[in-house]
> 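Structure in structure tokens, see below.
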Amino acid sequence: MFTLYWYPKCSTCKKAKAWLEAQDVSFDTLDMIQNPPSASQLQAWMTASDLPIRRFFNTSGQKYREMGLKDQVPTFSVAEAAELLATDGMLIKRPLLVKDGQLLAIGFKEMDYEGAIN
């Protein structure tokens, strides 16, 4: 089963949800602002992925800028980044596409989603 961690007011999240629906993919949605992924879940995803820690952060978000994270994120360990991200869903890059606990995509690029669902 696929799970889409999303923020309902986010236009990119809406596009991802609409795309999944158009492909007739069965999925659940989780509001990542009200229920952000746990630090342990985020840490597992970061460790399993080849992506840099920075990719898990919503670098264009207001909170990211307010907290001055641009210079801090490169110094974070995976555990430190996961702990911070788990405190506020607005800090997490969205949407996240997950299947059976495994992270398949961060953000929404149609090509990535096509690869993930096939």
Side-chain angles (χ1 to χ4, degrees):
M1 174 61 104
F2 290 95
T3 302
L4 185 70
Y5 285 83
W6 77 319
Y7 176 44
K9 295 180 182 175
C10 167
S11 61
T12 304
C13 294
K14 289 177 187 177
K15 286 178 190 172
K17 183 176 183 280
W19 188 88
L20 288 168
E21 290 169 345
Q23 306 307 308
D24 205 27
V25 173
S26 179
F27 65 97
D28 291 326
T29 56
L30 278 174
D31 185 327
M32 65 193 303
I33 308 309
Q34 292 181 359
N35 299 301
S38 68
S40 61
Q41 185 62 75
L42 286 159
Q43 189 169 347
W45 291 337
M46 286 182 201
T47 304
S49 91
D50 292 332
L51 299 171
I53 290 172
R54 182 179 175 276
R55 285 277 287 124
F56 287 83
F57 282 84
N58 179 10
T59 57
S60 61
Q62 188 175 349
K63 287 254 180 157
Y64 182 87
R65 290 191 304 271
E66 284 174 2
M67 294 175 71
L69 292 174
K70 182 181 178 184
D71 298 324
Q72 295 176 49
V73 169
T75 68
F76 287 163
S77 67
V78 169
E80 290 169 330
E83 286 294 330
L84 178 59
L85 289 170
T87 66
D88 190 339
M90 292 299 279
L91 291 173
I92 303 170
K93 176 76 173 172
R94 57 186 183 255
L96 301 175
L97 183 63
V98 175
K99 183 177 184 185
D100 301 328
Q102 285 193 297
L103 179 68
L104 303 176
I106 299 176
F108 175 64
K109 289 188 177 137
E110 202 171 299
M111 210 168 74
D112 293 343
Y113 275 51
E114 281 176 6
I117 67 167
N118 294 322

> Check step by step if ring-ring contact (aromatic ring centres under 6.0 Å, His included) holds for Y5 and W45.
CA-CA 13 Å; Y5 285 83; W45 291 337; 5.6 Å; yes
> Please answer: with hydrophobic residues joined when any side-chain heavy atoms are less than 4.5 Å apart, are L103 and W6 in the same cluster?
no
> Give a yes or no on whether the backbone of Y7 and the side-chain of Q34 come within a donor-acceptor separation of less than 3.5 Å.
no
> Atom CE of M67 and atom CE of M90: how far apart are they, to the nearest 0.5 Å?
12.5 Å
> Could you check if a side-chain atom of T12 sits within less than 4.5 angstrom of a side-chain atom of R94, using non-hydrogen atoms only?
no
> With a 3.5 Å cut-off and no angle check, do the side chains of N58 and S60 form a donor-acceptor pair?
yes
> Are any non-hydrogen side-chain atoms of L4 and F2 less than 4.5 angstrom apart?
no
> First locate atom CG of L85, then atom CD of E80, and finally report the distance between them rounded to the nearest 0.5 Å.
12.0 Å
> What distance do D100 atom CG and M1 atom CE have between them, rounded to the nearest 0.5 Å?
9.5 Å
> With side chains defined as the heavy atoms from C-beta onward, is the minimum distance between V73 and I53 less than 4.5 Å?
yes
> What distance do R54 atom CZ and F76 atom CZ have between them, rounded to the nearest 0.5 Å?
13.5 Å
> If you look at every heavy atom in L42 and A82, which pair is closest and at what distance?
CD1-O, 3.8 Å
> Quick check: are there more than 12 heavy atoms from other residues, nucleotides or ligands sitting under 6.0 Å from CD of Q102?
no
> For a side-chain contact (heavy atoms from CB on, under 4.5 Å) check, start with the C-alpha distance between E114 and W19, then their side-chain angles and the critical distance, and finish with the verdict.
CA-CA 10 Å; E114 281 176 6; W19 188 88; 3.4 Å; yes
> Indicate, with yes or no, if L51 and F108 share a hydrophobic cluster defined by side-chain heavy-atom contacts under 4.5 Å among Ile, Leu, Val, Met, Phe, Trp and Tyr.
no
> Between Y113 and L97, is any pair of side-chain heavy atoms under 4.5 Å apart?
yes
> Nearest heavy-atom pair of P36 and A86: which atoms, and what distance?
CG-O, 3.6 Å
> Is there a chain of hydrophobic side chains (I, L, V, M, F, W, Y, each step under 4.5 Å between heavy atoms) that links I106 to L30?
yes
> Count I, L, V, M, F, W, Y as connected when their side-chain heavy atoms are under 4.5 Å apart, and connections chain through other members. Are I33 and L84 then in the same cluster?
yes
> Would you say D28 has more than 12 foreign heavy atoms packed within less than 6.0 Å of its CG?
yes
> Between F57 and K93, is there a side-chain heavy-atom distance shorter than 4.5 Å?
no
> Supply the atom-to-atom distance K14 NZ to K9 NZ, rounded to the nearest 0.5 angstrom.
9.5 Å
> If we only count heavy atoms from C-beta on, is the Q23 to I117 side-chain gap below 4.5 Å?
yes
> Take atom CD in E83; do more than 12 heavy atoms of anything else shown fall under 6.0 Å from it?
no
> Can you measure from CG (D112) to CG (L104) and round to the nearest 0.5 angstrom?
10.0 Å
